[in-house]
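Following: one structure in structure tokens, then a few remarks.
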Amino acid sequence: MAGTERQNSSEESPKALTPSPQQPKKPLQVMHISKREEQDRLRREAEEARAAADAAAAKAEQLEQAAREAGTSLAPPPQAAVPAAPRTAEPQASRSPDHDDFGGMTMADLMGGSEPRRKPAQMQQAPGGLQRSVDDFDFDEDAFLAALDENEPIGTTGEVVTGTVIGMESDGVYVDIGGKAPGFMPKSECGLGVITNLKERFPKGLEIQVLVTREQNADGMVTISCRALALRQSWDKVKQLEKEGKVAQVKVSGFNRGGVTCDLEGLRGFIPRSQLQDGENHEALVGKTLGVAFLEVNPDTRKLVLSEKKAATAARFAELEVGQLVEGHVAAVKPYGLFIDLGGISGLLHQSMITGGSLRSIREVFDHGDSVKALITELDPGRGRIALNTAMLEGQPGELLINRDGVMEEATDRANRARNVLRQQEQSAG
């Protein structure tokens with residue numbers, strides 16, 4: 001048996017040592033994205049896009065043809081893009097998975113999807129296939145201007161407007177001035193001085209003039225003022241009085257160390273002590289009425305300076321006129337002429353107006369303190385100037401040099417003749 005076992009083992013051992021033939025192995029399954037499928041999908045989308053573009057071009061050609069038949073002149077249509085010839089798909093077996101040829105498609109074809117390309121803006125057509133220009137649209141100029149006027153803001157700063165009182169509150173008055181919203185006038189701007197009863201002063205329906213002090217806000221409301229308008233009118237009136245050189249009557253309302261205060265046309269004026277007739281006792285002037293002239297009128301700085309002494313001069317000017325014969329005394333002798341005191345005011349007798357003759361010295365005819373009769377040839381109340389003339393009283397040029405007293409005695413009769421000469425000169429100048 002041992003021999004038999006050895007024989008069996010010897011028979012089995014070659015089988016165990018000889019390897020058994022192996023079964024054939026399957027190829028590995030590699031997971032990857034096939035580029036070929038991606039290419040096929042892109043080609044299909046490109047062909048769909050070309051088909052849609054061809055259909056749009058054909059439709060445009062039909063619409064243009066219909067427009068030409070209807071007699072409408074059109075701009076030459078843009079040339080339609082010639083559709084590319086369909087490419088013959090190459091045999092799939094001849095391409096490898098790594099081949100990147102997309103069959104002649106551009107990047108625009110790949111990215112554009114199936115949406116057809118748009119035409120340029122200038123070639124787009126109106127509904128119905130008709131092209132339209134700006135001139136084809138209706139345009140009403142009158143309606144356009146009326147719309148501008150309707151929406152124009154009402155009330156600019158500094159503008160005077162007329163409105164109607166439509167409402168009232170405890171702090172102000174509402175006035176219709178024709179804007180989107182009414183104008184509002186604060187109580188403090190309702191007038192000069194203190195107003196205790198707004199309803200009595202501004203009844204509903206009252207038509208008033210106001211000054212716009214602030215332009216409209218987001219709600220369209222503007223701020224208006226009666227007080228500001230009254231102040232403006234007062235300054236305008238005072239400036240006119242100054243220009244004309246007139247005397248104004250004021251009431252003294254207070255005093256300080258420098259002078260007295262007063263009211264004039266609703267404005268606060270100041271009279272320095274040096275410009276008062278009784279400056280030493282200016283406290284006693286409170287409550288009295290004085291005649292004053294203007295030294296400074298400045299609306300920008302709200303400065304109104306007056307003078308009682310200058311008013312006396314202005315009152316004297318009111319008594320004078322061109323061609324009038326006046327009498328006075330030589331108050332000062334200057335190189336250019338003589339200043340004649342006419343009773344509170346001075347007139348200038350220029351050296352060229354003393355005589356028609358040759359004057360060697362300014363004192364040759366008149367000297368300091370001499371009595372002089374002369375004609376007024378020019379008046380300037382604003383600057384306080386009076387121009388005098390004695391040469392016109394001479395019968396012949398230089399007569400004053402040899403017969404001054406005779407000329408002065410006959411000055412009244414000679415002045416009548418001289419006035420006729422002045423009138424003729426004025427008419428010639430006019």
Side-chain angles (χ1 to χ4, degrees), residues 240-247 274-275 277 291-295 307-430:
Q240 185 63 30
L241 291 174
E242 178 196 27
K243 183 178 179 180
E244 296 174 356
K246 292 186 176 180
V247 174
S274 60
Q275 298 298 321
Q277 298 283 14
V292 295
F294 302 92
L295 292 180
S307 171
E308 187 184 18
K309 289 183 177 180
K310 188 177 179 180
T313 302
R316 185 73 175 94
F317 265 91
E319 301 172 356
L320 304 176
E321 62 181 6
V322 175
Q324 182 177 348
L325 182 68
V326 293
E327 183 176 1
H329 294 82
V330 178
V333 180
K334 302 295 180 181
Y336 50 84
L338 307 171
F339 281 98
I340 311 299
D341 181 8
L342 301 176
I345 56 177
S346 296
L348 174 63
L349 180 59
H350 195 269
Q351 62 176 354
S352 61
M353 302 296 172
I354 295 176
T355 178
S358 179
L359 190 64
R360 293 173 297 180
S361 170
I362 199 75
R363 300 175 182 270
E364 189 172 354
V365 179
F366 300 107
D367 202 351
H368 189 279
D370 288 348
S371 177
V372 178
K373 292 181 181 180
L375 284 173
I376 297 176
T377 56
E378 184 180 347
L379 281 173
D380 188 348
R383 293 186 293 176
R385 295 182 179 180
I386 304 173
L388 303 175
N389 188 309
T390 55
M392 297 185 70
L393 299 177
E394 294 181 320
Q396 56 185 0
E399 185 178 0
L400 279 171
L401 295 172
I402 57 177
N403 188 19
R404 186 194 73 177
D405 294 338
V407 173
M408 292 294 101
E409 290 176 0
E410 300 174 1
T412 302
D413 295 334
R414 293 172 182 250
N416 292 331
R417 294 194 300 268
R419 275 191 285 270
N420 294 330
V421 175
L422 284 175
R423 292 192 187 97
Q424 293 176 359
Q425 291 177 352
E426 290 177 356
Q427 292 175 357
S428 299

Could you tell me which residues satisfy side-chain hydrogen bond (donor to acceptor under 3.5 Å, both in side chains) with [X], sequence neighbours excluded, listed by chain and number?
X: Asn416; answer: Arg419
X: Asn420; answer: Arg423
X: Asp341; answer: none
X: Gln240; answer: Glu244

Hey, what do you get for [atom1] ([X]) to [atom2] ([Y]), rounding to the nearest 0.5 Å?
X: Ser371; Y: Ile340; atom1: OG; atom2: CD1; answer: 9.0 Å
X: Asn389; Y: Ile354; atom1: CG; atom2: CD1; answer: 10.0 Å
X: Thr412; Y: Lys373; atom1: OG1; atom2: NZ; answer: 5.0 Å
X: Met408; Y: Asn403; atom1: CE; atom2: CG; answer: 10.0 Å
X: Thr390; Y: Leu388; atom1: OG1; atom2: CG; answer: 8.5 Å
X: Ile386; Y: Leu349; atom1: CD1; atom2: CG; answer: 12.5 Å

(Q) For His350, give me all partners under side-chain contact (heavy atoms from CB on, under 4.5 Å), at least two apart in sequence or on another chain. (A) Tyr336, Ser352, Met353
Q.
Can you list everything that forms a side-chain contact (heavy atoms from CB on, under 4.5 Å) with Gln275? Sequence neighbours excluded, please.
A. Ile271, Pro272, Leu295, Ser307, Lys309
Q) Near Lys246 NZ, under 6.0 Å, is it more than 12 heavy atoms from other residues, nucleotides or ligands? A) no
Over all atoms of both residues, closest heavy-atom pair of [X] and [Y]:
X: Val372; Y: Val330; result: CG2-CG2, 3.7 Å
X: Phe294; Y: Glu242; result: CD1-CA, 3.7 Å
X: Gln351; Y: Ile362; result: CB-CD1, 3.3 Å
X: Leu375; Y: Ala415; result: CD2-CB, 3.8 Å
X: Arg404; Y: Phe366; result: CD-CE2, 3.6 Å

Q: Would you mind listing every salt bridge (charged side-chain N to carboxylate O under 4.0 Å, His left out) that reaches into residues 354-365, with sequence neighbours excluded?
A: Arg360-Glu364, Arg363-Asp367
Could you tabulate the donor-acceptor pairs under 3.5 Å formed by side-chain atoms of residues 393-402, not counting sequence neighbours?
unit_1: Glu394; atom_1: OE1; unit_2: Thr355; atom_2: OG1; d: 3.4
unit_1: Glu394; atom_1: OE1; unit_2: Gly356; atom_2: N; d: 2.9
unit_1: Glu394; atom_1: OE1; unit_2: Gly398; atom_2: N; d: 3.3
unit_1: Glu394; atom_1: OE2; unit_2: Thr355; atom_2: OG1; d: 2.6
unit_1: Glu394; atom_1: OE2; unit_2: Glu399; atom_2: N; d: 3.2
unit_1: Glu394; atom_1: OE2; unit_2: Leu400; atom_2: N; d: 2.9
unit_1: Glu399; atom_1: OE1; unit_2: Gly395; atom_2: N; d: 2.5
unit_1: Glu399; atom_1: OE1; unit_2: Arg414; atom_2: NH1; d: 3.1
unit_1: Glu399; atom_1: OE2; unit_2: Arg414; atom_2: NH2; d: 3.0

Quiz: residues 316-324 side-chain donor-acceptor pairs under 3.5 angstrom, not counting sequence neighbours:
unit_1: Arg316; atom_1: NE; unit_2: Leu342; atom_2: O; d: 3.4
unit_1: Arg316; atom_1: NH1; unit_2: Glu319; atom_2: OE1; d: 3.1
unit_1: Arg316; atom_1: NH2; unit_2: Leu342; atom_2: O; d: 3.2
unit_1: Gln324; atom_1: OE1; unit_2: Glu321; atom_2: N; d: 3.1

Q | Donor-acceptor pair, side chain of His368 and main chain of Ala331, under 3.5 angstrom | A | yes
